[in-house]
> 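Mind having a look at this structure? Questions to follow.
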Amino acid sequence: MATTLLLINPSTQKIPISSNSPLRCKSFPLITFSGISKQTRRKPKPKPPEKDNMSATVPISSAPSLLAHENEQDAGDTSLRNQLLPEKQVLDIEQEAYSIVVTTKHKKRSYASYVTCFGVDLSPDTIAVAMVYFVQGVLGLSRLAVSFYLKDDLHLDPAETAVVTGVSALPWLIKPLYGFISDSFPLFGYRRRSYLVLSGLLGALSWSLMATFVDSKYDAAFCILLGSLSVAFSDVVVDSMVVERARGESQSTSGSLQSLCWGSSAFGGIISAYFSGSLVEAYGVRFVFGVTALLPLITSAVAVLVKEQSMQGSTRGHNPLVSQGFIEGSKQNLIQLWTAIRQPNVFLPTLFIFLWQATPHSESAMFYFTTNQLGFTAEFLGRVKLVTSIASLLGVGLYNGFLKNVALRKIFLVTTIIGSVLGMTQVFLVTGLNRQFGISDEWFAIGDSLIITVLGQASFMPVLVLAARLCPQGMEATLFATLMSISNGGSVVGGLMGAGLTELFGVTKDSFNNLAYLIILCNLSSLLPLPLLGLLPKENPEMATEESADIEMKSN
C-alpha cells in the first residue's frame, strides 16, 4: 500500500477549470493541492486522510514561505487528489481565490465595464483620442467654403489662392517642435489636457474671426494659418497619447487602436464632405465658418476625459529648471535626429520622398475652371468630395489587399506612371472632349476624381511604410514626425511651384486658354523623380509584409 499525504499548497500556477465551472474562462492564481507520489522501496502502513486537512485553507500571504519548502511536492498526482477531494470544495476554493484576486488586482475595473470598438475598450482616454481624430476629419466642412470665399468674396486669382493654401500648411512642417513643447512646458501642471484645451480654443477663435471680421486676403491667410496650427498641435498631442497606450502592447492591439483613430477621422471626413457643399449653397460661407468654429470646442471638452496626473511645480513659468531642461532635451533630440537623418540609408530615401512630393500641381486652377467655366455648384462639389472621401478608404483597401507585399520601388514606379496618365484625363474636361464621347461634365468629373483618389491614396501608403521602415529603434515617433514634416514640406513646395506656373501660363479666374498646357506640364513633371528610384532601399517582398505591418505603430 502506498501512503499519500495531501498538503494544501498555494501556487500561482494557472490550472484549467472543468467545463462545468462558470469560471472556466478566467485565469487567476489558484490554491492548488500537492501530493507525494508513490514510494517503491518502503510500504508504510496506510494512514487515512483527515477530513479537516482536506477542507483547510491557507492564507495567500503565506504562499512565499510554503513555496520555498514544498517545491518538490508541486508535481503531485492530480487525478488522485481530484478523486479524494469533492468537486464542490474545489469550486469553493477556486471562487474564494478568484474573489481575492479580483478585489486586489482589478478593483478599478469593477466600477466600469467599457464598450469595445475595433477591439479597443472605449475608456475615457480612448474616447478622447477618438473624438479628437473625429474633429480633425469633420473640420473638412470648411474647405469648400474657404475656396469659394477666396474666389468669390476676396476675388483672388488661382495663383494667389494656391499661395494662401500653401501658407496654411506651414504648421504641419514643424510637428516635432510641438512634441518638445508639450513634453517640456506643462501648462497648469498638465502636458496633455492643457494643450488640448488650448488647441480647441485657438481653432474656435480662428474660425470665429473668419465668420465675422475677416475681409482681406492677409487676414484670411492668418486665420487659416491659426486654424491649421490648432489642428496640427492637437494631432501631435493625441498621437503621443496613442504611442503611450500602444507601448508594450501586441501588434494586434496597436493595430486595433490605430484602426479606431483612422475610422474616427474617416467618419468625420465623410460627414463633412456630405454637408460641406449643401451648407455653402443654402446659407453661405460665413455661416459655414460659424458652424466650423464650434467643432474645435469638442477637442477642448474631451480634454477632461484624459487621465493625467498633475505635475507639481510645473505651473511656475519662472522656474529656470524647466527652461534649462527644455533646452537640453531639445538639443539632445536635435542631435539624435541629425545623426539619424544624415545616415545614407535614411537621408537618400527621405530625399526621394521630398522630391516625389515637390512636383507642381494645378488644383487651384482646376477649381476655378470647374466653378467659373463649367458652372459646378457648391452642392455638387460637396458630392464629389463625398465620393473622394470614400475613394480614399478604397485606396487603403487596395494597398492592404494587393500591394503591401510588392517591393516599394515597383509600387512607386507603377503608381506614378499610371497616375500621370490618368491625370491627363483632365485635359478632356478642359477641352470638352468628354462631351464628344457622350459623357457629361458632371459624371466625368466624378469618375475622374474617384479613380485618381483611389490611386493617389494607394500610392501614398508606401510613403508611410517607407518612413516607418527608416525609423531606428528608440526614436520611432520623433523621426517619423520629422519625415512626415519633410514630406509635407515637399507638398508645400509643389503647391507654390504650381502657383508660379499658373501665373506664368496666364491662367486667371476668367482666362483658361492655357490651362490644358498647365495640366500636361504638371503631370509630366511627376515623372521626374523616377530616375532616382535607386535611392530607395532594396527589399524582398517577403520582408515587406512584416515591415509594412509596423506602420500602425510608428505612424504616430
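Computation of the quantities below employed the complete heavy-atom set of this structure, encompassing side-chain atoms and omitting hydrogens, waters and symmetry-equivalent molecules.
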> N345 versus P537: any side-chain heavy-atom pair under 4.5 Å?
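The answer is no, as the side chains (C-beta and beyond) never meet within the 4.5 Å cut-off.
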> Please name all residues satisfying ring-ring contact (aromatic ring centres under 6.0 Å, His included) with Y283, sequence neighbours left out, ordered by chain then number.
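Y283: ring-ring contact (aromatic ring centres under 6.0 Å, His included) contacts with F287.
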> Check whether any side-chain heavy atom of V163 sits under 4.5 Å from a side-chain heavy atom of L156, and report yes or no.
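No; the side chains remain at least 4.5 Å from each other.
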> So, do L201 and L297 sit near enough that their side-chain heavy atoms are less than 4.5 Å apart?
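In short, these two side chains touch, coming nearer than 4.5 Å.
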> Just by modelled atom types, is the A145 backbone N or O under 3.5 Å from a matching donor or acceptor in the S142 side chain?
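Pair absent, no side-chain N/O of S142 close to backbone of A145.
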> For the residue pair I519 and G423, what are the closest heavy atoms and their distance?
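That closest heavy-atom pairing would be CG2-O, 3.9 Å.
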> Restricting to salt bridge (charged side-chain N to carboxylate O under 4.0 Å, His left out), what partner residues turn up for K175, sequence neighbours left out?
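Salt bridge (charged side-chain N to carboxylate O under 4.0 Å, His left out) check on K175 returns D235.
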> Do F289 and Y149 have ring centres separated by under 6.0 Å?
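Yes, close enough.
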> Heavy-atom distance under 4.5 Å between the side chains of V288 and L144, does that happen here?
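A side-chain contact under 4.5 Å is absent here.
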> Quiz question: by atom type and distance under 3.5 Å, do the side chains of S265 and Q136 form a donor-acceptor pair?
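Distance-only check fails for S265 and Q136.
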> With sequence neighbours excluded, what pairs up with R435 under the side-chain contact (heavy atoms from CB on, under 4.5 Å) test?
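R435 satisfies side-chain contact (heavy atoms from CB on, under 4.5 Å) with L374, D441 only.
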> The test is side chain to side chain contact (heavy atoms under 4.5 Å, CB included); show your working for F512 and V430 and say whether it passes.
CA-CA 9 Å; F512 304 99; V430 172; 5.8 Å; no
> Would you say the side-chain atoms of S420 pair up with the backbone N or O of N523, donor to acceptor, closer than 3.5 Å?
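Confirmed, S420 side chain pairs with N523 backbone.
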> So L225 and S168, do their side chains get closer than 4.5 Å, heavy atoms only?
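S168 does not reach L225 side chain to side chain.
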> Between V302 and V132, is the side chain to side chain contact (heavy atoms under 4.5 Å, CB included) condition met? List the steps.
CA-CA 8 Å; V302 299; V132 173; 4.1 Å; yes
> Okay, side chain of N514, backbone of G506: is any donor-acceptor separation there less than 3.5 Å?
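No; zero donor-acceptor contacts below 3.5 Å.
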> Are side-chain heavy atoms of K151 and N372 found at a separation under 4.5 Å?
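Yes, their side chains come closer than 4.5 Å.
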> Mind checking what makes salt bridge (charged side-chain N to carboxylate O under 4.0 Å, His left out) contact with R383, not counting sequence neighbours?
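Checked R383 against salt bridge (charged side-chain N to carboxylate O under 4.0 Å, His left out); matches are E379.
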> Determine yes or no for a side-chain-to-main-chain donor-acceptor pair under 3.5 angstrom, with S182 supplying the side chain and Y178 the backbone.
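Absent.
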> Does the ring center of F412 lie less than 6.0 Å from the ring center of F352?
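Under 6.0 Å, so yes.
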> Is it the case that more than 12 heavy atoms not belonging to F444 sit under 6.0 Å from its CZ atom?
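For F444, atom CZ is crowded (more than 12 foreign heavy atoms under 6.0 Å).
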> In Å and rounded to the nearest 0.5 Å, what is the OG1 to CG distance from T416 to L533?
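Nearest 0.5 Å value for the OG1-CG distance: 7.5 Å.
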> Strictly under 6.0 Å, is that where the ring centroids of F367 and F376 end up?
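No.
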> Could you report the tightest heavy-atom contact between F437 and L433, atom names first, then the distance?
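Smallest heavy-atom distance, with atoms named: CD1-O, 3.0 Å.
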> Check this for me: E281, atom CD, are more than 12 non-hydrogen atoms of other residues, nucleotides or ligands nearer than 6.0 Å?
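Yes, CD of E281 has more than 12 neighbouring heavy atoms, counting only those of other groups under 6.0 Å.
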> Could you list the donor-acceptor pairs under 3.5 angstrom formed by side chains in residues 445-454, with sequence neighbours left out?
from : atom 1 : to   : atom 2 : distance (Å)
D448 : OD1    : T425 : OG1    : 2.4
S449 : OG     : A445 : O      : 2.8
T453 : OG1    : S449 : O      : 2.6

> Rounded to the nearest 0.5 Å, what's the gap from OG on S526 to CG on L521? Could you check?
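Nearest 0.5 Å value for the OG-CG distance: 10.0 Å.
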> If you take all heavy atoms of T388 and K385, which pair is closest and at what distance?
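Where T388 meets K385 most closely, the heavy atoms are OG1-O, 2.7 Å.
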> Quick one: does any side-chain atom of S525 pair with a main-chain N or O of C522 as donor and acceptor, under 3.5 Å?
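Looks like yes, one N/O pair under 3.5 Å.
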> To the nearest 0.5 angstrom, please state how far the OG1 atom of T350 sits from the CG atom of L355.
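Nearest 0.5 Å value for the OG1-CG distance: 11.0 Å.
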> At their closest point, which heavy atom of C223 faces which heavy atom of S206, and how far apart are they?
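Minimum heavy-atom separation between C223 and S206: O-CB, 3.4 Å.
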> What pairs with E442 under salt bridge (charged side-chain N to carboxylate O under 4.0 Å, His left out), at least two apart in sequence or on another chain?
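Once residues adjacent in sequence are excluded, E442 has no partner under the salt bridge (charged side-chain N to carboxylate O under 4.0 Å, His left out) criterion.
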> Do P296 and L139 have side-chain heavy atoms sitting under 4.5 Å apart?
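Contact flag for P296/L139 side chains = yes.
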> Do you know which two heavy atoms are closest between F354 and I486, and how far apart they sit?
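Where F354 meets I486 most closely, the heavy atoms are CD1-O, 3.5 Å.
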> If we ignore hydrogens and angles and just use 3.5 Å, is the side chain of D219 paired with the main-chain N or O of V214 as donor and acceptor?
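No, the answer is negative, given that no donor and acceptor are paired below the 3.5 Å cut-off.
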> How long is the gap from CE on M424 to CG on L524, to the nearest 0.5 Å?
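That separation rounds to 4.0 Å.
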> In the structure I gave you, are the side-chain heavy atoms of F428 and I439 within less than 4.5 Å of one another anywhere?
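With C-beta onward as the side chain, the pair stays apart.
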> Atom CE in M210, atom CZ in R286: separation rounded to 0.5 Å?
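Result: 7.5 Å between the selected atoms.
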> For G498, is there any backbone N or O sitting under 3.5 Å from a side-chain donor or acceptor partner on T502?
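Pair found, side chain donor or acceptor close to backbone of G498.
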> So, taking the atom named CG in L515 and the one named CG in L429, what distance separates them when rounded to the nearest 0.5 Å?
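Going from the CG atom of L515 to the CG atom of L429 covers 9.5 Å.
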> Shortest non-hydrogen contact from S485 to W172?
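Smallest interatomic distance, heavy atoms only, reads OG-O, 3.5 Å.
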> Say whether, by atom type as modelled, one donor and one acceptor occur between the side chain of S300 and the main chain of V197 under 3.5 angstrom.
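Present.
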> Check the pair Y133 / V238 against side chain to side chain contact (heavy atoms under 4.5 Å, CB included), numbers first and verdict last.
CA-CA 8 Å; Y133 275 100; V238 295; 3.9 Å; yes
> Quick one: do Y368 and D157 satisfy side chain to side chain contact (heavy atoms under 4.5 Å, CB included)? Show the steps, please.
CA-CA 9 Å; Y368 277 74; D157 288 330; 5.9 Å; no
